[in-house]
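A short worksheet on the structure shown next.
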2 protein chains.
Amino acid sequence: MSRTYSIRDLADEFDITTRTIRFYETEGMLNPQREGQARIYSAQDRVTLKLILRGKRLGLSLAESRELIAMYRPGLEPEANRPQLEKLLAVIEQRRSHLRQQLHDIERMMQDLDDAELKASEALAALTGA
Amino acid sequence: MSRTYSIRDLADEFDITTRTIRFYETEGMLNPQREGQARIYSAQDRVTLKLILRGKRLGLSLAESRELIAMYRPGLEPEANRPQLEKLLAVIEQRRSHLRQQLHDIERMMQDLDDAELKASEALAALTGA
DNA sequence: ACTCAGGTTTACGTTAACGTAAAGGTAACT
DNA sequence: AGTTACCTTTACGTTAACGTAAACCTGAGT
């Protein structure tokens, strides 16, 4: 009996448009229930949306996010045959290595920003002093 | 007298197409010298390309990368008037906060992957055992 | 009954970041 | 001279991820 959400609730919470949410649905990422013709989202739907947006922030395509989300939910039936599972583990490791690369990139960029900030504030100080 | 690179050198090194490199040039991100009609890239150009690709891995648009790269090279003349510099510092802080968000997202996603991996290998073990 | 603020479907439009193909230049090898 | 292997410019094509507009429904308030 957990809470439900209107399309506007979610749009406002995550600062996206309703169009975006409907688009994700046509892409098969969301399957809200209907109350009449209006969409009614569950807590589960909300989590899914959250995952999509997180993936987006990390530069994943929708297709990639779909894969990740699917793997995160093995479904109710353990339809987990071995090749499936092994492929899954491989995908996980690959994704993890991608994240490691991003981590590295972030560190470097932070460093660059430090440098840039230093230069900028020095230049500003010089102006102020002069 | 530092080393120079052909378009193919760079394409191979960074695993992109020559089309991509030329595209970045039309977008004003690169300005290689010419030897006849062939492009000849400096170490500086190579660094710029590296920055572009790093930005791309972090989900930046080309326009955003251009901004970052421009801010990273204040140019030869300190055309740095105050509003410019202040805006620069603001942009830096904003970018930094974006990176922090990404860091957070990465941690969460790593955690999710840990969970998924655990589940998957458990399921696999169950199969093997059965 | 009327309005009005939301929701809905359908469909065409848009932007970024290249892909791909056509047509040709050029240096080097055979 | 011919072929090969790059390079070049020019230009149209493509895909993802929505934006935007039109036309319609619908429950709540007056």
Side-chain angles (χ1 to χ4, degrees), chain A residues 3-42 45-46 48-70 95 98 101-102 105, chain B residues 3-42 45-46 48-70 95 98 101-102 105:
Chain A
R3 220 203 121 172
T4 63
Y5 306 83
S6 74
I7 197 170
R8 177 118 312 274
D9 288 341
L10 295 182
D12 287 350
E13 175 175 1
F14 296 115
D15 197 30
I16 56 183
T17 68
T18 60
R19 172 67 174 95
T20 297
I21 296 179
R22 289 193 204 95
F23 172 69
Y24 292 156
E25 182 175 342
T26 70
E27 296 295 299
M29 319 276 301
L30 292 172
N31 263 42
Q33 291 182 294
R34 297 295 185 123
E35 202 170 293
Q37 73 172 353
R39 292 167 171 83
I40 181 90
Y41 298 87
S42 69
D45 291 327
R46 182 170 164 281
T48 299
L49 184 53
K50 216 171 184 171
L51 290 177
I52 295 173
L53 296 176
R54 190 165 80 200
K56 193 181 166 191
R57 285 195 300 268
L58 292 178
L60 305 194
S61 71
L62 274 185
E64 290 172 318
S65 283
R66 173 166 32 227
E67 263 198 79
L68 275 178
I69 291 170
R95 182 55 56 193
H98 185 175
Q101 168 73 3
Q102 278 188 293
D105 285 337
Chain B
R3 219 203 123 173
T4 63
Y5 307 82
S6 75
I7 197 170
R8 178 120 309 274
D9 289 341
L10 296 182
D12 287 350
E13 175 174 0
F14 296 116
D15 198 30
I16 56 183
T17 68
T18 60
R19 172 69 175 93
T20 298
I21 297 179
R22 288 193 204 97
F23 172 69
Y24 292 156
E25 181 174 341
T26 71
E27 296 295 299
M29 318 276 301
L30 292 171
N31 263 40
Q33 290 181 297
R34 296 296 183 121
E35 202 170 292
Q37 72 172 352
R39 292 167 170 83
I40 180 92
Y41 297 88
S42 70
D45 291 327
R46 181 169 164 282
T48 299
L49 183 53
K50 215 169 184 173
L51 291 177
I52 294 173
L53 296 176
R54 190 165 81 201
K56 194 181 165 191
R57 284 195 301 269
L58 293 177
L60 304 195
S61 71
L62 274 186
E64 291 172 317
S65 284
R66 175 168 28 233
E67 264 199 79
L68 275 179
I69 290 171
R95 182 54 56 192
H98 185 175
Q101 169 72 3
Q102 278 188 295
D105 286 337

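By convention in this document, chain letters (A, B, ...) are assigned in the order of the sequence lines, proteins followed by strands, and residues within each chain are numbered from 1.
The shortest distance between the side-chain N/O atoms of B:Arg8 and the OP1/OP2 oxygens of D:dC6 is not below 4.0 Å. OP1 or OP2 of C:dC18 lies within a sub-4.0 Å distance of a side-chain N or O belonging to B:Tyr24. For D:dA16, neither phosphate oxygen OP1 nor OP2 lies less than 4.0 angstrom from any side-chain nitrogen or oxygen of A:Lys56. For A:Arg39, no side-chain nitrogen or oxygen approaches OP1 or OP2 of C:dG7 to under 4.0 Å. One finds a side-chain N or O of B:Arg34 lying less than 4.0 angstrom from the OP1 or OP2 phosphate oxygen of D:dT9.
Side-chain atoms of A:Arg66 come within 3.5 Å of backbone atoms of A:Glu27 as a donor-acceptor pair (strictly under, hydrogens ignored). Remark: side-chain polar atoms of A:Glu35 are not paired, donor with acceptor, to backbone N or O of A:Ile40 under 3.5 angstrom.
Taken to the nearest 0.5 Å, the CD1 atom of B:Ile21 stands 5.0 Å off from the CG atom of B:Leu10.
Distance from the side chain of B:Thr17 is smallest to C:dG19 among D:dA17, D:dT8, C:dG19. Side-chain atoms of A:Ser61 lie closest to D:dA17 of the nucleotides C:dG19, D:dA17, C:dT26. The A:Ala38 side chain lies nearest to C:dT8 when the options are D:dC18, C:dT8, D:dT8. Of the listed nucleotides (D:dC18, C:dC18, D:dC7), D:dC18 has the atom at the smallest distance from the side chain of A:Thr20. Taking only side-chain atoms of A:Ser6, from C-beta outward, the nucleotide of C:dG7, C:dG19, C:dT8 with the closest atom is C:dG7.
Here C:dT9 presents its C1' atom at 8 Å from CD of A:Gln37, a figure rounded to the nearest Å. Protein atom CG of A:Leu53 is 13 Å distant from nucleotide atom C1' of D:dA17, rounded to whole Å. Straight-line distance from the CD1 atom of B:Ile7 to the P atom of C:dC18: 13 Å, rounded to whole Å. In this structure, A:Leu62 atom CG and D:dT15 atom P are separated by 16 Å, rounded to whole Å. Remark: C1' of D:dA17 and CZ of A:Arg57 are 17 Å apart, rounded to the nearest angstrom. Look at CZ on A:Arg66: it is 13 Å from C1' on D:dA17, rounded to the nearest Å. Summarising the geometry, the separation between CD1 on B:Ile21 and C1' on C:dA17 is reported as 14 Å, rounded to the nearest angstrom. Regarding A:Arg22, its CZ atom lies at a distance of 5 Å from the P atom of C:dT8, rounded to whole Å.
Between B:Asp45 and B:Arg39 there is no salt bridge, since no side-chain N of the basic residue sits under 4.0 Å from a carboxylate O of the acidic one. The pair A:Arg95-A:Glu67 does not count as a salt bridge, with every side-chain nitrogen at least 4.0 angstrom from each carboxylate oxygen.
For a distance-only test at 3.5 Å, the side chain of A:Arg19 qualifies as a donor-acceptor partner of the base of D:dT20.
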